[in-house]
Q: 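Mind having a look at this structure? Questions to follow.
For the single chain, residues carry numbers from 1 onward in sequence order.
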Amino acid sequence: ESIMRILHTSDWHLGVSSGPASRIPEQKLFLDWLRGQLESQEIDALIIAGDIFDTMHPSAEAQTLYYRFLATVEATGVRDVVVIGGNHDSPSRLNEAQALLEAVRVHVVGGIPVVEERIERMLIPLRKRGSEEVGAVCLAVPYVHEFWLGIRTSDLDREQTRAEFRACFGELY
């Protein structure tokens, strides 16, 4: 029985700049390095846990970098990629290419799915390299904005707010 190799990464912040200077060239070098690691370390699954982009409205250049990287991951031998939305990411922007990305085994959970699909969309089986055998399951929980939970903190005192958050997160998990 082989060990499952999962690489967990986050906070890419694609599209970030240093003043007027674009950091896209550096980010491209990072993604090239990462692709090499996926192959050389024989990674089974890649998890990208939030803040893929630096802003909810990333530049076309940042999006191109992201999609080109995802399009090449399958060639490294990685069986599954999980993309999970962070507080800098737009859930709808991440989810918009979901159907297409699933064709190359990229599972996207940009925001909290509707209740009817929640378990199906957030529990993602991860397969071992070169196999259909499930070696692990990823619970892909994106950043949870308070408005998604339906909590109006302006109407509550501190203790009521804590109780509401505990109840909502308890229900979510």
Side-chain angles (χ1 to χ4, degrees), residues 1-113 119-145:
E1 186 174 318
S2 63
I3 294 174
M4 180 127 195
R5 297 175 70 95
I6 299 171
L7 194 149
H8 178 280
T9 181
S10 68
D11 295 282
W12 292 3
H13 291 274
L14 296 177
V16 71
S17 60
S18 296
S22 170
R23 307 235 4 231
I24 292 289
E26 295 168 17
Q27 293 170 339
K28 184 181 180 322
L29 289 173
F30 161 70
L31 294 176
D32 290 344
W33 172 84
L34 180 57
R35 188 179 305 102
Q37 294 302 305
L38 296 173
E39 194 164 4
S40 68
Q41 300 297 318
E42 298 183 347
I43 301 299
D44 297 295
L46 170 64
I47 297 173
I48 309 166
D51 292 347
I52 293 91
F53 297 107
D54 192 55
T55 174
M56 290 193 179
H57 303 288
S59 67
E61 197 175 23
Q63 291 179 71
T64 298
L65 196 61
Y66 168 70
Y67 287 115
R68 282 194 177 145
F69 172 79
L70 292 178
T72 64
V73 170
E74 191 175 30
T76 68
V78 168
R79 297 293 292 160
D80 294 287
V81 177
V82 180
V83 177
I84 305 166
N87 66 317
H88 283 236
D89 301 311
S90 162
S92 58
R93 184 171 306 279
L94 287 180
N95 287 340
E96 70 189 0
Q98 192 172 55
L100 182 61
L101 290 173
E102 284 176 358
V104 289
R105 299 178 189 241
V106 176
H107 312 275
V108 180
V109 183
I112 297 293
I119 294 299
E120 179 183 313
R121 298 294 312 158
M122 291 171 54
L123 282 178
I124 301 168
L126 304 176
R127 290 162 293 194
K128 293 183 178 183
R129 193 177 184 91
S131 159
E132 288 301 317
E133 180 187 355
V134 174
V137 176
C138 175
L139 175 58
V141 179
Y143 178 77
V144 181
H145 294 275

Q: Can you measure from CG (Leu34) to CD1 (Ile48) and round to the nearest 0.5 angstrom?
A: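 Taking CG in Leu34 and CD1 in Ile48, the distance rounds to 7.5 Å.
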
Q: How long is the straight-line distance from CG of Leu46 back to CZ of Arg5, given to the nearest 0.5 Å?
A: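 Taking CZ in Arg5 and CG in Leu46, the distance rounds to 13.5 Å.
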
Q: Please determine whether a side-chain nitrogen of the Lys or Arg among Glu132 and Arg105 lies less than 4.0 Å from a carboxylate oxygen of the Asp or Glu.
A: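 Arg105 and Glu132: salt-bridged.
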
Q: Within a strict 4.5 Å, meaning less than it, do heavy atoms of the His88 and Tyr143 side chains meet?
A: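 Not in contact.
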
Q: How long is the span from the CG atom in Leu94 to the CG atom in Asp89, to the nearest 0.5 Å?
A: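 Output value for this atom pair is 4.5 Å.
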
Q: Quick check: closest heavy atoms across Ile43 and Gln37, and the distance to 0.1 Å?
A: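 Taking Ile43 first and Gln37 second, the nearest heavy atoms are CG1-O, 4.0 Å.
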
Q: Can you measure from CZ (Arg129) to CG (Leu38) and round to the nearest 0.5 angstrom?
A: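 These two atoms lie 8.5 Å from each other.
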
Q: Is any side-chain heavy atom of Ile6 closer than 4.5 Å to a side-chain heavy atom of Asp44?
A: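 A side-chain contact is absent here, since even the closest heavy-atom pair is not under 4.5 Å.
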
Q: At their closest point, which heavy atom of Ala45 faces which heavy atom of Met4, and how far apart are they?
A: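 What the structure gives for the nearest pair is CB-CE, 4.3 Å.
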
Q: So, for Ala49 and Ser10, which heavy atoms are closest and what is the spacing to 0.1 Å?
A: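 Closest heavy-atom pair between Ala49 and Ser10: O-CB, 3.2 Å.
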
Q: How far apart are the closest heavy atoms of Trp12 and Gln27, and which atoms are they?
A: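 Closest approach of Trp12 to Gln27, heavy atoms only: O-NE2, 4.0 Å.
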
Q: Test Val73 against Arg35 for side-chain contact (heavy atoms from CB on, under 4.5 Å), laying out the working first.
A: CA-CA 7 Å; Val73 170; Arg35 188 179 305 102; 5.9 Å; no

Q: In Å and rounded to the nearest 0.5 Å, what is the OG to CD distance from Ser90 to Glu96?
A: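 The distance works out to 7.5 Å.
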
Q: Any heavy-atom pair between the side chains of Glu61 and Thr64 that's under 4.5 Å?
A: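 When only atoms from C-beta onward are counted, Glu61 and Thr64 do not touch, as no gap falls below 4.5 Å.
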
Q: Would you mind checking if Arg127 and Asp80 are paired as a salt bridge, meaning a charged N to carboxylate O distance below 4.0 Å?
A: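 Arg127 and Asp80: salt-bridged.
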
Q: Find out whether Tyr66 and Leu31 are in side-chain contact, i.e. whether some heavy atom of one side chain is under 4.5 Å from a heavy atom of the other.
A: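 Not in contact.
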
Q: Tell me if a side-chain donor or acceptor on Asn87 pairs with a main-chain N or O of Asp51 at a distance below 3.5 Å.
A: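 Flag not set: sc Asn87 to bb Asp51 has no pair under 3.5 Å.
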
Q: Which atom names give the shortest non-hydrogen contact between Gln98 and Val108, and what distance separates them?
A: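 Smallest interatomic distance, heavy atoms only, reads NE2-O, 2.6 Å.
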
Q: I want to check something: taking the side chain as every heavy atom from C-beta on, are Gln41 and Leu7 in contact at a cut-off of under 4.5 Å?
A: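 In short, these two side chains do not touch, never coming nearer than 4.5 Å.
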
Q: Quick check: do Leu65 and Ile24 have side-chain heavy atoms less than 4.5 Å from each other?
A: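 Contact flag for Leu65/Ile24 side chains = yes.
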
Q: Any side-chain heavy-atom pair from Val83 and Val109 closer than 4.5 angstrom?
A: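 A side-chain contact is absent here, since even the closest heavy-atom pair is not under 4.5 Å.
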
Q: Any side-chain heavy atom of Arg23 within less than 4.5 Å of one from His13?
A: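 SC-SC contact between Arg23 and His13 ruled out.
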
Q: Distance check, rounded to the nearest 0.5 Å: Ile84 atom CD1 versus His107 atom NE2?
A: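 That separation rounds to 11.5 Å.
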
Q: Restricting to non-hydrogen atoms, name the atom on Arg79 and the atom on Lys128 that form the minimum distance, rounded to 0.1 Å.
A: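 In this case the closest contact between Arg79 and Lys128 is CG-O, 3.1 Å.
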
